[in-house]
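We name chains A, B, ... by the order of the sequence lines, and we start the count at 1 in each one.
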There are 2 protein chains.
Amino acid sequence: MTASRKSPTIQDVARHANVSAATVSRVLSAPERVSETTRERVHAAVSETGYTINQAARSLRLKAARTILMAAPNIGNPYYSTVLDAVIGEASSRGYSVLVATRIGDDPNRWLHDYLLSTRADGLLLFDGSLDTNSLHGLGAEGVALPLVAAYDEIPDPKVNSVITDNRLAAKRAVRHLADLGHTKIAHVIGPSRNQSTNERLLGFQEAMRELGLPVRQEWLHPGAYNTESGTAAAAQFLASGELPTAVFCGNDEMAVGLIHGMRQAGIECPRDISVVGFDDVSFAPYYNPPLTTMRQPREEIGRMATRSLIDIIEGGAKESDPVHVVLTSELIVRESTRTIR
Amino acid sequence: MTASRKSPTIQDVARHANVSAATVSRVLSAPERVSETTRERVHAAVSETGYTINQAARSLRLKAARTILMAAPNIGNPYYSTVLDAVIGEASSRGYSVLVATRIGDDPNRWLHDYLLSTRADGLLLFDGSLDTNSLHGLGAEGVALPLVAAYDEIPDPKVNSVITDNRLAAKRAVRHLADLGHTKIAHVIGPSRNQSTNERLLGFQEAMRELGLPVRQEWLHPGAYNTESGTAAAAQFLASGELPTAVFCGNDEMAVGLIHGMRQAGIECPRDISVVGFDDVSFAPYYNPPLTTMRQPREEIGRMATRSLIDIIEGGAKESDPVHVVLTSELIVRESTRTIR
DNA sequence: GAGTTCGATGCAATCGATTGCATGAGTTTC
DNA sequence: GAAACTCATGCAATCGATTGCATCGAACTC
């Protein structure tokens, strides 16, 4: 109650409880090494003083910040909000805080470096496959690998831990779904090419088309950027291509929505005139008009698993030498943006 | 190049440059106090060793973490993604990192306490008006106010700094817009009642209705929770109310979308049968079908201003005793979810 | 040329928590 | 009953960066 001028330190608590600072520290981190009577006395002193541990001092001494860094190219994308939520939940249940960084300047090496080598964060949750492996490996101290888990987007390096989804297969299933509905003229809106996930989805698309014996038309492939604008741009491109596809597989929901919007402005209605499959199943997908058929990605699961793995690695040291490679499965959610061809 | 076993310290750099650690420190923080020749020598040593500052040590010494904490009830809401983006941008341009916390257990006092009194964060960006003032004031050390800026949602305490929008006025304008289109049967989907912003919007709604001489029907007021589900629930309530409103003012876009969705399932089309105004103008609003008429909140601006104010307060100490109170104006964006009554 | 000033740099204390080692009291063992 | 052992606790060094004060040499003044 009677708060002192500034935050009480472990010394203050020690004084209150008539013990040494060492004992207070032990009560807090290894209670079983302290007798019950002193333990109680210390606990009382802690609440009397309103003591909270000074993380800076702790980090300095332990060389661990109990903080992880989540880096994503654009937190602005609604895809990440759910993931971030899950990351925070899992991290805080393990006693970790979460720092968030976006690509700021265009020198990822510099900012990652700043965060990680400065004991601000103990490990990195990387949601961005566009970083080159070399710069990442350079981050760990010599020999010691930096705790790093790549999530959502794979890093093309088997030594890097990853938690991803079955992008290739999922893309194939999405295309098959369209084919099952009778579509043969199928277009694809591609994500940003620097992402591995994008390439996997494109590969899945191409593979499925080949297996189905359907032609892939170049002008029905639009390179997008995972945002609504590029969906609308894709619509424009397809409209200008002479013949309109009857179905489109989009690399994510944002682009699907942008595409449907663009098409509608030209009088092409979804699903009446064109079927559209998205990817991700973001929060508004079921509420869109039409409700979006999409490949759901288990985003909470991705966030949780990635965080759990990262913290396991941080705490287990490098002893578990086998890299973690988790592949979660996406699920086709059929709603109303796809239907049988007339 | 020749990286040592562990991260180099300021001592290592000092040794390389044949100066004392004090000098290295000065080169880094007050270059003008060091002669040019040594400065160059030190810079060379820094890049040779690959030195990065140890933030824990720095924080301990300076009693400042150069980190702010953004606390929001549910980061999962797409509203926050844009704000967070802006916060990160502004913070990192000032050399600050951003920690993110969600409401975890239901003891906000405890977690805020943990973060703030433990030198993890120097200040708090609070996006949650539901915390009671007492617990907040308890946070600062005696006499010294904790650097705190309430954003988006006002704390009903003039001593707390805030960056908010003109919720009341904005709500009135939204209702006026509906009235201008000839609507008289207007419903309102309210946000979670613990939020001040919600109450302001409700007050604005009521005020506008009174000024327009329109009756407020109780069964046309639905208490929602700022998510899509409650929009759909509101639709159900209105449908069951005997008479259908011809227009609805929703407390945010999520609920607007949920409402439109729910109405459509009952065969009530927007804007044909019912006009809907949302609030926020989240990223998918212009791409919805129909594109959403909504009160745009300057979210980047909110994030940027709030962050800037917070850091100013942190760095300026408590010397600027006048609380900051910024009120940004919302803008009515007319799209296609509202139209003149038939 | 002796005294004064100034700029550059080093010394050493400090921030607060942790932990290996030492100590001392109490308990067990033969 | 003395040696061996256990258990609880304290002492003091340590983590790495910052900064007030001291020092030292050079430049300047009269």
Inset, instruction - Look at all strands and tell whether T38(A) reaches a base, only sugar-phosphate, or nothing, counting heavy atoms closer than 4.0 Å. - result: sugar-phosphate
Legend entry - Side-chain N,O (S35(B)) to OP1/OP2 (dG7(C)) below 4.0 Å: no
Inset, instruction - Examine dT9(C): is either OP1 or OP2 under 4.0 Å from a nitrogen or oxygen in the side chain of T23(B)? Give yes or no. - result: no
Legend entry - Nucleotide dA17(D), atom C1' - distance to CG of L60(A) in whole Å: 9 Å
Inset, instruction - Would you kindly give the CZ-to-P distance between R120(B) and dC15(C), to the nearest whole Å? - result: 22 Å
Inset, instruction - Have a look at L62(A) and say if it touches a base, only the backbone sugar-phosphate, or nothing, with a 4.0 Å heavy-atom cut-off. - result: sugar-phosphate
Inset, instruction - Please state whether the phosphate of dA8(C), meaning OP1 or OP2, lies under 4.0 angstrom from any side-chain nitrogen or oxygen of R33(B). - result: no
Inset, instruction - Quick one: label R58(A) by what it contacts on the DNA or RNA (base, sugar-phosphate, nothing), any heavy atom closer than 4.0 Å. - result: sugar-phosphate
Inset, instruction - Indicate yes or no for a side-chain donor-acceptor contact from T67(B) to the backbone of A65(B) under 3.5 Å, with no hydrogens or angles considered. - result: yes
Inset, instruction - Kindly determine whether E90(B) and R304(B) satisfy salt bridge (Lys or Arg N to Asp or Glu O under 4.0 Å), including the steps that lead there. - result: CA-CA 6 Å; E90(B) 179 70 22; R304(B) 234 178 305 132; 5.2 Å; no
Legend entry - Under 3.5 Å donor-acceptor, N74(B) side chain and G76(B) backbone: no
Legend entry - 5′-ward residue of the pair Q11(A)/R41(B) relative to DNA chain C: R41(B)
Legend entry - Phosphate-side-chain proximity, Y51(B) and dA17(D), N/O vs OP1/OP2 below 4.0 Å: yes
Inset, instruction - Check the distance between dA17(C)'s C1' and R66(A)'s CZ and give it to me in whole angstrom. - result: 14 Å
Inset, instruction - Check the distance between dT18(C)'s C1' and N54(A)'s CG and give it to me in whole angstrom. - result: 13 Å
Legend entry - Distance below 4.0 Å between T9(B) side-chain N/O and dG16(D) OP1 or OP2: no
Inset, instruction - Determine the interplanar angle of the Y79(B) and Y152(B) rings, folded into 0 to 90°, and report it as parallel if under 30°, tilted if 30 to 60°, perpendicular if over 60°. - result: tilted
Inset, instruction - Answer yes or no: does a side-chain N or O of S25(B) lie under 4.0 Å from OP1 or OP2 of dT19(D)? - result: no
Inset, instruction - Considering just the side-chain nitrogens and oxygens of K63(B), establish if one lies under 4.0 Å of OP1 or OP2 belonging to dT14(C). - result: no
Legend entry - Distance in angstrom units between R39(A) CZ and dC7(D) C1', rounded: 13 Å
Inset, instruction - Report yes or no: does R66(A) contribute a side-chain atom to a donor-acceptor pair with the main-chain N or O of R94(A) at less than 3.5 Å? - result: yes
Legend entry - Nearest-nucleotide 5' precedence on DNA chain C, A57(A) against N18(B): N18(B)
Inset, instruction - Would you mind reading off the distance between R61(A) atom CZ and dA13(D) atom C1', rounded to a whole angstrom? - result: 8 Å
Inset, instruction - Looking at every strand, decide which applies to V19(B) at a 4.0 Å heavy-atom threshold: base, sugar-phosphate, or nothing. - result: sugar-phosphate
Inset, instruction - For R15(A) and dT9(D), give me the distance from atom CZ to atom P, rounded to whole Å. - result: 19 Å
Legend entry - Whole-Å distance separating the CD1 atom of I10(B) from the C1' atom of dG16(D): 8 Å
Legend entry - Check: R26(A) side chain, dG10(D) base, donor-acceptor under 3.5 Å: yes
Inset, instruction - Might you point out which heavy atoms bring H16(A) and A45(A) nearest each other, and give the distance in Å? - result: CB-CB, 3.7 Å
